[in-house]
Amino acid sequence: MKYNTAEIMEKGMTCLVERLGVVDAEHFISVVLRERFDYTKWQREHFDSVRPKEFLEAAFAYDEEHPIK
């Protein structure tokens, strides 16, 4: 499913606030902006150590716990 920019921003903020709370969600955003966050570099560092099967299992588990509304 493709979302427009406004929908992605809304869903992203909702996820951050649900998981972190308002204050920490804002803190996260300010850190990303201040540190000139390179998502591609972070993704490589974060996911290179994860086996594909482990990643797939985690993705399926997340999907089961968070159905699309």
Side-chain angles (χ1 to χ4, degrees):
M1 178 178 290
K2 291 194 175 203
Y3 299 105
N4 65 40
T5 301
E7 291 169 325
I8 290 171
M9 295 295 294
E10 181 181 342
K11 288 182 179 298
M13 283 303 300
T14 299
C15 290
L16 286 172
V17 170
E18 285 176 358
R19 298 291 291 197
L20 300 174
V22 174
V23 173
D24 286 336
E26 291 290 340
H27 184 195
F28 171 79
I29 291 168
S30 70
V31 169
V32 168
L33 293 174
R34 183 176 58 244
E35 299 296 326
R36 300 199 183 266
F37 183 71
D38 183 339
Y39 175 76
T40 303
K41 180 179 175 186
W42 172 84
Q43 185 180 31
R44 297 288 344 162
E45 292 171 355
H46 183 75
F47 291 114
D48 277 354
S49 64
V50 178
R51 294 185 339 263
K53 183 178 180 181
E54 179 183 353
F55 182 86
L56 187 60
E57 289 170 352
F60 280 127
Y62 183 87
D63 185 53
E64 291 274 326
E65 295 171 12
H66 301 89
I68 296 175
K69 296 177 182 176

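- Pairing each heavy atom of Ala25 with each of Leu16, the nearest pair is CB-CB, 3.8 Å.
- Counting heavy atoms of neighbouring residues, nucleotides and ligands inside a 6.0 Å radius, atom CZ of Phe47 exceeds 12 of them.
- Other residues, nucleotides and ligands contribute at most 12 non-hydrogen atoms within 6.0 Å of the CD atom of Glu64.
- The local environment of CZ in Arg44 is sparse, with at most 12 non-hydrogen atoms from other residues, nucleotides or ligands closer than 6.0 Å.
- With hydrophobic clusters built from ILVMFWY side chains whose heavy atoms lie under 4.5 angstrom apart, Val17 shares a cluster with Phe28.
- Panel note: side chain His66, backbone Tyr62; a donor-acceptor pair is recorded below 3.5 Å.
- Side-chain heavy atoms closer than 4.5 Å link hydrophobic residues (I, L, V, M, F, W, Y) into clusters, and following such links, possibly through other members, connects Phe55 to Tyr39.
- Expressed to the nearest 0.5 Å, how far CG of Leu56 lies from CZ of Arg51 amounts to 11.5 Å.
- Within the 3.5 Å criterion, the main-chain N or O of Asn4 finds a donor-acceptor partner in the side chain of Glu7.
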Worksheet item: Hey, mind stepping through Met13 and Ile29 against side-chain contact (heavy atoms from CB on, under 4.5 Å) and telling me if it holds?
Response: CA-CA 10 Å; Met13 283 303 300; Ile29 291 168; 3.3 Å; yes
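- No continuous path of ILVMFWY side-chain contacts below 4.5 Å connects Leu20 to Met9, so the two sit in separate hydrophobic clusters.
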